[in-house]
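Comments concern the structure below.
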There are 2 protein chains.
Amino acid sequence: MTGSVTLHDVARRAGVSLATASRALNGSANRVVGEELRERVLRAAAELRYSPNAHAQAMARGRTNIVGLSLHDIADPYFSAVAAGVMREAEAHGLLVTMASTERRPGAETDYVGAFRRHWASVVIVVGSRTDDRAATEQLAEELAAFEAEGGRAVAVSQPRLPVDTISIDNHAGARDLGHALHDLGHRRFAVLAGPTELLTATERVAGFREALTRHGGRLAPEHVVPGPFTRDGGYAAMRELLDRDPDVSCVFAVNDVMAVGAMAALRDRGIDPPTGMAIAGFDDIATLRDVNPGLTTVRIPLEEIGALAVRLALDDGVARPRVHRVAGEVVLRASTPRLSPPR
Amino acid sequence: MTGSVTLHDVARRAGVSLATASRALNGSANRVVGEELRERVLRAAAELRYSPNAHAQAMARGRTNIVGLSLHDIADPYFSAVAAGVMREAEAHGLLVTMASTERRPGAETDYVGAFRRHWASVVIVVGSRTDDRAATEQLAEELAAFEAEGGRAVAVSQPRLPVDTISIDNHAGARDLGHALHDLGHRRFAVLAGPTELLTATERVAGFREALTRHGGRLAPEHVVPGPFTRDGGYAAMRELLDRDPDVSCVFAVNDVMAVGAMAALRDRGIDPPTGMAIAGFDDIATLRDVNPGLTTVRIPLEEIGALAVRLALDDGVARPRVHRVAGEVVLRASTPRLSPPR
DNA sequence: CCTCCTTGGGAAAGCGCTTACCGGGACGGT
DNA sequence: ACCGTCCCGGTAAGCGCTTTCCCAAGGAGG
């Protein structure tokens, strides 16, 4: 970068020293700059279209206003909703968001947190479910600890085992409530499109759902739990697999909405028309998918709010850390899971 | 940030000078560091878990590996698809993406480009349709020019009037092709949910569609062109408005997919069941919406590819700028626009 | 045996900014 | 009239790194 205007130029043009120029522009604390001089400096800065060098400021001040955000895949509406919340709140606090999309590559989170450390981010937010990859989690934990030791603030979403402030979605309760609701509607022959077995988010949802069924004396046979990626295609493939295993299922719980939509497509390709041939429910209540037809029963998670909350947690001062924050979901019944037995 | 390990510490531990330490770590060009020393330095760095300070490097080198990305709303799947492309390509080049979501606030783009300038971003990408706000566009143009004058590279997506490399979607041709295709299917009584009248992206799509109808001797009456925001709710409201104005329309073109989905919801709320009561088409081919029911006829735009392309354009060396890149769309017919008259 | 070149290490000058610290003038109290 | 006390400018010391310039040592060539 050449030719940028520096504070030195501004000071010279205003006929003052660097120190005065800096103080005039920052309105430095416990120090007053004479009205006339400040005026002169501001004018000079405006005339020269001066814009301060963020790196020099970072060096001199020893801190930045950068938020580092790491997530699995920005194209996934789940993560982009969280990101939107982070960015909205960050903007409100004058923070700039640097974002990394790990594409679920193992170790990428740690690498990116390292990059954020190099940039002296003041906040780092890691969102994405914990995996059962012990070593990777361990490394990430270390990196985050190092980051906080340097004075940064980290918040993890859906990774409860990390040594930092944590926001957890109450997947178990949400799925359990959903299970009860579906049972109340009269559904009985359940199956689950279970998502990736190594992700806590997925397994918790399966477990919660299972608990509800058990409570009602039902059970979830192993062949009725079909794993697969957290994607549309994952849902599609899992649904086909399920139909092959047992065509007699009548209500499917896909552990996220994106999979549920893929599953609906699979049903139609097999000539089954939801919800008539098969009831189906999802999880997350992705905004973009609220208008699929039939309307998808799901568990609403306040994703944007979670993103915003992450920023606020990071910015809290004078509190003991790490803290744990739980966010509850809320069952939303729609047309994809009609009432089976007429209500009494 | 306190306590971070500096190069100085590494040098001391390795028993060499700062210069040597730096050279050993960077493998500096046209300079060789003795094998033994390099080894010692690398070991010391590893032992101390040294991580270089990005700001200091930026200062000393006079450049960074930051990409600044400004878009309207990261929660909108259109923009998150482009962002995904940008991030994928950026990662491939070792660049870090700093992102700003302007929420369509006028002037925000300019502010953020200013922020990217302060951070000496090496690349700035601005995505979002040009508005007819003369003054805002002018200011953005100035800011981008200043950025490039300082040695940065800027690329604008869907803002053809800016003095930088530009990627334009061929909205006109896409919408025209769609119009022809719908006509070929036998549709005749058309209306358009036109999106925001101040956005070029919207007006071009309307114009292209109109051209196709005109070519076939049809026309688009003013009451059949309903403006509104580029959102789900915008589509919903516009559809209701349209039904109030003229319930006899039989095929609606919503100028983006998100609106089309909102429009479908509005139809159902009025007891109309698409595509039977009303054919409907969108634009963009948003991935998340590919499984709505009925499948939405649309014009596929390679959004991710556009994001990736933006990064590549910015990184091109030794080419004359600014360049203009056009990206074509492709009509995708699905169930939402059935054939009306039996084919002959 | 001397000179010239090559190889590789160190000292130090910045990059642009903030912020102690210092110092001179004005003011008021005694 | 003198001495603290503010007020408000300037001087300069970093922040952590890269890179130029300088220099010592060793080898090759005359």
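Protein chains get the first letters and strands the later ones, always in sequence-line order, with residue 1 at the start of each.
Remark: A/R312 pairs with A/E89, A/E305 by the salt bridge (Lys or Arg N to Asp or Glu O under 4.0 Å) rule, at least two apart or across chains. Under the salt bridge (Lys or Arg N to Asp or Glu O under 4.0 Å) criterion, A/E36 pairs with A/R40, not counting sequence neighbours. Residues that satisfy the side-chain contact (heavy atoms from CB on, under 4.5 Å) test with A/R321, not counting sequence neighbours, are A/R153, A/D165, A/D316, A/V319, A/R323. Partners of B/D132 according to the salt bridge (Lys or Arg N to Asp or Glu O under 4.0 Å) rule, which considers only residues two or more places apart in sequence or in another chain, do not exist here. Legend: residues meeting side chain to side chain donor-acceptor pair (under 3.5 Å) with A/E39, ordered by chain and number and at least two apart, are absent. For the salt bridge (Lys or Arg N to Asp or Glu O under 4.0 Å) test, no residue two or more places apart in sequence or in another chain qualifies with A/E148. Applying the side-chain contact (heavy atoms from CB on, under 4.5 Å) test to B/L200 and every residue at least two apart in sequence or in another chain returns B/S129, B/R130, B/P160, B/T203, B/E204.
For A/H8 and D/dA12, the NE2 to C1' distance is 13 Å, given to the nearest whole Å. Look at CD on B/E150: it is 16 Å from P on C/dC15, rounded to the nearest Å. When the P atom of D/dC17 is taken as reference, atom CZ of B/R63 falls 16 Å away, rounded to whole Å. Distance, B/R61 CZ to D/dT18 C1': 8 Å, rounded to whole Å. When the C1' atom of D/dC15 is taken as reference, atom CG of B/L7 falls 14 Å away, rounded to whole Å. Atom CE of A/M59 and atom P of D/dC17 are 8 Å apart (whole Å). Put simply, CG on A/L25 is 8 Å from P on C/dT18, counting in whole angstrom units.
Counting only residues at least two apart or in different chains, ring-ring contact (aromatic ring centres under 6.0 Å, His included) contacts with residues 61-104 of chain A comprise A/H72-A/F79.
For the helix from C/dC1-D/dG30 to C/dT30-D/dA1, the axis fitted to the five pairs at one end and the axis fitted to the five pairs at the other end meet at an angle of 50° (nearest 10 degrees).
Residue B/Q57 has its side chain nearest to D/dT18 when only D/dT18, C/dG16, C/dT18 are considered.
Using a 4.0 Å cutoff on non-hydrogen atoms, the parts of residues 45-56 of chain A near DNA chain C are A/Y50, A/P52, A/N53, A/A56, ordered by number.
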Could you pull out the protein-nucleic contacts involving nucleotides 5-10 of chain C (nitrogen or oxygen on both sides, under 3.5 Å)?
unit_1 : atom_1 : unit_2 : atom_2 : d
C/dG8  : N7     : B/R31  : NH2    : 3.1
C/dG9  : OP2    : B/G34  : N      : 3.4
C/dG9  : N7     : B/R31  : NH2    : 2.5
C/dG9  : O6     : B/R31  : NH1    : 3.3
C/dG9  : O6     : B/R31  : NH2    : 2.3
C/dG10 : OP2    : B/S17  : N      : 3.0
C/dG10 : OP2    : B/S17  : OG     : 3.0
C/dG10 : OP2    : B/T20  : OG1    : 2.5
C/dG10 : N7     : B/R23  : NH2    : 3.0
C/dG10 : O6     : B/R23  : NH1    : 3.4
C/dG10 : O6     : B/R23  : NH2    : 3.1

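With respect to B/R63 and B/E150, no salt bridge is recorded, no charged nitrogen being found less than 4.0 Å from a carboxylate O.
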Under 3.5 Å, sequence neighbours excluded: what are the donor-acceptor pairs made by side chains of residues 134-146 of chain B?
unit_1 : atom_1 : unit_2 : atom_2 : d
B/T137 : OG1    : B/D133 : O      : 3.0
B/E142 : OE1    : A/R49  : NH2    : 2.9
B/E143 : OE2    : B/R117 : NH1    : 2.9

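Taking the side chain as every heavy atom from C-beta outward, B/L313 and B/I167 approach each other to under 4.5 Å.
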